[in-house]
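Working notes, beginning with the structure itself.
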Amino acid sequence: MSRKLIVSVLVGLMLVATAVAVAQQVKKAQNAVVTAQTMEYDWAANTVDFSGGTKLVLTGNYDATMVAPTMAVKLSPKSDRVLSVVAAGPVNFTITTKPDASGQRRKIVGSAKQQATYTDDTQIVKLIGGATADLLPVEGEGGAGAEGGLARAEAIHFTGETITANLKTSKLTVDNANLTVETKTQ
């Protein structure tokens, strides 16, 4: 092999290695936007209290919206991440999950009369007091459809005293539970 060819191959390998290293450092961002009539920021405690028509919108790994009269938000020490949210009821929320192994995303539409909490580290949403949740498939994305004569569940409706949605494990836990399944038929 000529010296020029060896140098060209080494330069090419270094460029590929650099591109891979840069691509691995790129992380998907989780963004949070909160709107309200009033906000009080305590920079010593890194907490923000919102009141009056409060709305939280999270985008990134999953998309979520929470609406409540008041919310208390705890930020990370660098104020670059929402660590937790406590919303006083009545609370309404919508979450579109990440795709599962089959590529299916689901939308969870829920509410609670008393309170809702969210913790970023555990990725758990907990609805407290007269909680309801509907689990719906996001149409047109992965998963089994009505092919082969199988009917697709249109909605699963949960009610209970508390509903806990674990976004990491894709599990929903309901205390004092009731379940209704509505299936589309032809």
Side-chain angles (χ1 to χ4, degrees), residues 27-36 50 52-74 81-186:
K27 294 180 181 177
K28 188 169 185 175
Q30 183 78 24
N31 297 309
V33 175
V34 182
T35 56
F50 296 93
T54 306
K55 182 178 183 178
L56 167 69
V57 178
L58 293 170
T59 57
N61 294 331
Y62 47 82
D63 299 327
T65 302
M66 185 181 292
V67 178
T70 64
M71 284 185 204
V73 176
K74 175 71 175 161
R81 202 175 102 202
V82 171
L83 298 178
S84 64
V85 177
V86 177
V91 182
N92 294 302
F93 82 98
T94 303
I95 296 173
T96 303
T97 65
K98 297 184 292 188
D100 63 15
S102 68
Q104 178 67 58
R105 294 181 72 180
R106 288 171 178 78
K107 182 180 279 190
I108 303 169
V109 179
S111 65
K113 292 178 183 173
Q114 186 178 0
Q115 183 182 64
T117 62
Y118 167 77
T119 305
D120 187 60
D121 286 341
T122 60
Q123 293 187 8
I124 291 177
V125 175
K126 186 171 186 176
L127 301 170
I128 303 164
T132 67
D134 292 314
L135 183 64
L136 310 156
V138 175
E139 295 297 326
E141 296 189 24
E147 300 85 49
L150 297 174
R152 176 181 205 140
E154 287 296 310
I156 302 173
H157 181 73
F158 301 91
T159 59
E161 188 54 31
T162 63
I163 297 176
T164 304
N166 187 322
L167 302 175
K168 278 187 179 180
T169 62
S170 301
K171 292 187 180 176
L172 201 66
T173 304
V174 183
D175 295 326
N176 297 323
N178 288 305
L179 169 71
T180 305
V181 178
E182 181 181 317
T183 305
K184 184 177 180 179
T185 60
Q186 294 180 348

- Would you check if Tyr118 and Leu56 make a side-chain contact, meaning some heavy-atom pair closer than 4.5 Å? no
- Query: Would a distance-only check, ignoring hydrogens and angles, find a side-chain to backbone donor-acceptor pair under 3.5 Å from Thr97 to Arg106?
  - Reply: yes
- Do Ile108 and Phe93 touch side chain to side chain, with heavy atoms closer than 4.5 Å? yes
- Task: Kindly give the heavy-atom pair with the smallest separation between Ala87 and Met71, and that separation in Å.
- Result: CB-CG, 3.8 Å
- Counting only heavy atoms not in Lys74, do more than 12 sit closer than 6.0 Å to its NZ atom? yes
- Query: What's the shortest heavy-atom distance between Ala88 and Ala68, and which atoms?
  - Reply: O-CB, 3.4 Å
- Item | For Thr132, side-chain hydrogen bond (donor to acceptor under 3.5 Å, both in side chains) partners two or more places apart | Ser111
Between side-chain atoms of residues 169-176 and protein atoms elsewhere (two or more places apart, or another chain), which donor-acceptor pairs fall under 3.5 Å?
from, atom 1, to, atom 2, distance (Å)
Thr169, OG1, Asn166, OD1, 3.4
Thr169, OG1, Asn166, ND2, 3.4
Asp175, OD2, Thr162, OG1, 2.5

- Message: Checking Ala112 now: which residues fulfil side chain to side chain contact (heavy atoms under 4.5 Å, CB included) with it, not counting sequence neighbours?
- Response: Leu127
- Message: Among Leu179, Thr180, Asn178, exactly one meets side-chain contact (heavy atoms from CB on, under 4.5 Å) together with Phe158. Which residue is that?
- Response: Leu179
- Item | All side chain to side chain contact (heavy atoms under 4.5 Å, CB included) counterparts of Val82, not counting sequence neighbours | Ala32, Val73, Leu75, Val85
- Reported CG-to-NE2 distance for the pair Leu136 and His157, which is rounded to 0.5 angstrom: 11.0 Å
- Task: Enumerate the residue pairs fulfilling side-chain hydrogen bond (donor to acceptor under 3.5 Å, both in side chains) with a member in residues 121-131, sequence neighbours excluded, ordered by first and then second residue.
- Result: Arg81-Asp121
- Message: Please find the pair of heavy atoms, one from Val86 and one from Gln115, that lie closest to each other, and give the distance.
- Response: CG1-NE2, 3.2 Å
- Task: For residues Ala133 and Ile163, report the shortest heavy-atom separation together with the two atoms involved.
- Result: N-CD1, 3.7 Å
- Task: Quick one: pull up CD1 in Ile156 and CG in Leu135 and give me the separation to the nearest 0.5 Å.
- Result: 5.0 Å
- Message: So, using side chain to side chain contact (heavy atoms under 4.5 Å, CB included) as the criterion, who are the partners of Ala36 when residues are at least two apart?
- Response: Phe50, Thr54
- Message: Tell me whether the count of non-hydrogen atoms from other residues, nucleotides or ligands lying under 6.0 Å of NZ in Lys113 goes above 12.
- Response: no
- Listed by chain and number, what are the side-chain hydrogen bond (donor to acceptor under 3.5 Å, both in side chains) partners of Asn92, not counting sequence neighbours? none
- Note on the structure: So CG of Asp134 and NZ of Lys107: to nearest 0.5 Å the spacing works out to 11.5 Å
- Query: What closest approach, in Å, do Gln114 and Ile128 show between heavy atoms, and which atom pair accounts for it?
  - Reply: CB-O, 3.1 Å
- Report the residue from Thr35, Val34, Val33 that forms a side-chain contact (heavy atoms from CB on, under 4.5 Å) with Lys55. Thr35
